[in-house]
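To start, the structure itself, in structure tokens.
Proteins come first, then strands; the chains are lettered A, B, ... in the order of their sequence lines, and each starts at number 1. Computed from a predicted model, the values in this text were never measured in an experiment.
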There are 2 protein chains.
Amino acid sequence: MIVIGEKINGTRKPVAKAIQERDAAFIRDLARRQFENGASYLDINAGTLPKREPEDMAWLVEHIQESVPDAILCLDSANPVALKAGIEKAAKTPMLNSLSGEKFRIDGVLPLACEFKTELIILALDDKGIPRTSEGRLAIVRNLIEMTRAGGLPDEKLFVDPLVMAISTGTGNGNISLETCRMIHEEFPRVHLTCGLSNISFGMPLRSVLNQAFIVLTIQAGMDSVIVNPEERELRAIMMAAETVLGMDRHCMNFNRAFRAGKIGPKATA
Amino acid sequence: MIVIGEKINGTRKPVAKAIQERDAAFIRDLARRQFENGASYLDINAGTLPKREPEDMAWLVEHIQESVPDAILCLDSANPVALKAGIEKAAKTPMLNSLSGEKFRIDGVLPLACEFKTELIILALDDKGIPRTSEGRLAIVRNLIEMTRAGGLPDEKLFVDPLVMAISTGTGNGNISLETCRMIHEEFPRVHLTCGLSNISFGMPLRSVLNQAFIVLTIQAGMDSVIVNPEERELRAIMMAAETVLGMDRHCMNFNRAFRAGKIGPKATA
């Protein structure tokens, strides 16, 4: 499971403050902690006004890659100028978050991804919004994959997000996302699947338990990446448990190794 | 989800001692606690020598049904004499655990189930053991359901156990059980599915996490009953969470209600 750490997001107050005050130590620590907890990708959302965003993005990229040179940075913006500023600063080819069927993203994000051969998150929505059905979401994705292929981007670089909506707003919302996963996985077997997991539990109590149940189901449906807070130890454990009971962990070696290394299970107290 | 409480089992030392010493208070308390924690069925396994078993079974039935008159008792024995003794003592028609393709169970358990129109657990094994494949397990189940139908037992009374083997002894063991569930659910839609969940994690660390991941997957595969320790609060929460994200909990009402009633989530401290 590829974990994309979600915490460097300027819409969160402490992060916004750190960006504004150029508190590099705070950002570097946030990056390091997520990476050490298994996030091989780090989402970077400056969350600032368009005018400031390119400069903020470049500053974030600079300090985060110094802190965790082995992480892949996932530049999260709808603003192509900010994405370009991040790409130019990045030592390793970053991932872009995200393309969708919205015209301004097709015009702004797609050319950058194709030019720099970046990994790319694709959202199953367009200018009309998020389709209610899995068929509608698949149609958008199919259309966008035609474009990325035409632009020379191999399917392996794509991370499709089927979009997860709150179960509290529609009893069928979980199944629509799962079905979308299965359809994409079948039609485009080399494409990765990812999602912002915690949307499923919005508006509900015991959100972490709902998230845990849902991630197990998404893994069975072909999901191989997730955008989460990597410091949630219980989520990490159940993801590995799902892979194990689904036969994706030969001889249970990953699970046993992670347990022995203290990466899952009760946290060792110092 | 129908929960069958597993704790009144004479192969467990404190239970064996209570049975031997006719410690009714111990047994009644064990019954009450399981029922209060959501087990509408209580498995009763006297676990004693064949000579003593009918008498012990009758004694257990008597005291358990006095303690929890609303529970359904699940008489767990391979000995038809003990089952008969339990049936005769039971105020409500009990469930029998279990029929399988083993000749001595076909000869001993099937006639009792058909005569008393009991609910009946069916194990997907026969005298040759547990088939390695889901097709092999389905074949045994199909054969047994022919017999229960011929004996006048409606499919609704059957709880088929696809058999869960330890993931530590075979990477494919989880998938074989899940596939067996799906096949039975499709061919016999009115039959219930149940299992002894914790077998999946035998020999592994963090068993409860593996059990939780697996129960989520079995629920999606059609499992609607489980034989567990109902006092495991985390398991109960993830079962309800799975039903919720799978769209089986209209407007998330069960989940929200269970949370407000303190049945799931952090335990209120007195």
Side-chain angles (χ1 to χ4, degrees), chain A residues 164 166-179 197 200-201 203-221 233-260 262-266, chain B residues 164 166-179 197 200-201 203-221 233-260 262-266:
Chain A
V164 175
I167 195 73
S168 60
T169 64
T171 305
N173 281 346
N175 285 327
I176 294 170
S177 298
L178 294 172
E179 195 174 71
L197 176 68
I200 191 73
S201 61
M204 290 287 289
L206 298 181
R207 292 189 64 175
S208 67
V209 180
L210 291 159
N211 296 347
Q212 285 171 38
F214 195 63
I215 193 75
V216 171
L217 297 166
T218 65
I219 290 171
Q220 189 185 40
R233 284 178 72 85
E234 289 186 344
L235 189 66
R236 193 182 334 158
I238 202 134
M239 287 194 292
M240 298 200 75
E243 291 174 331
T244 301
V245 298
L246 281 168
M248 299 156 74
D249 177 11
R250 207 164 137 71
H251 302 311
C252 308
M253 271 172 55
N254 285 339
F255 192 87
N256 275 306
R257 197 178 291 148
F259 173 72
R260 283 196 303 267
K263 289 182 182 166
I264 54 175
Chain B
V164 175
I167 195 73
S168 60
T169 64
T171 306
N173 282 345
N175 285 327
I176 293 170
S177 298
L178 294 171
E179 195 174 71
L197 176 68
I200 191 71
S201 60
M204 290 288 288
L206 298 181
R207 292 190 64 177
S208 66
V209 179
L210 290 159
N211 295 347
Q212 286 171 38
F214 195 63
I215 192 75
V216 170
L217 296 166
T218 66
I219 290 172
Q220 190 186 40
R233 284 178 71 85
E234 289 187 343
L235 190 66
R236 192 182 333 157
I238 203 132
M239 287 194 292
M240 299 200 74
E243 290 175 331
T244 301
V245 299
L246 281 167
M248 299 157 74
D249 177 11
R250 207 165 135 72
H251 302 314
C252 309
M253 272 172 56
N254 285 339
F255 192 86
N256 276 304
R257 198 179 289 146
F259 174 72
R260 283 196 303 268
K263 288 181 183 167
I264 54 175

Does the side chain of A:Phe255 reach to within under 4.5 Å of the side chain of B:Ile167, using non-hydrogen atoms?
-> no
Name the option with the most non-hydrogen atom pairs under 4.5 Å to chain A; the candidates are B:Ala242, B:Pro205, B:Gly247.
-> B:Pro205
Kindly indicate whether the side chain of A:Thr218, heavy atoms from C-beta on, has any atom under 4.5 Å from the side chain of A:Val164.
-> no
Using non-hydrogen atoms only, which part of B:Phe259 is less than 4.5 Å away from chain A: side chain, backbone, both, or neither?
-> side chain
When you measure from the side chain of B:Asp249 to the backbone N and O of B:Glu243, does any donor-acceptor pair fall under 3.5 Å?
-> no
Rounded distance [0.5 Å steps], CD in A:Glu234 versus CD in A:Gln212 = 5.0 Å
Max heavy-atom pairs within cutoff under 4.5 Å with chain B, candidates A:Leu246, A:Ile264, A:Asn256, A:Ile200, goes to A:Leu246
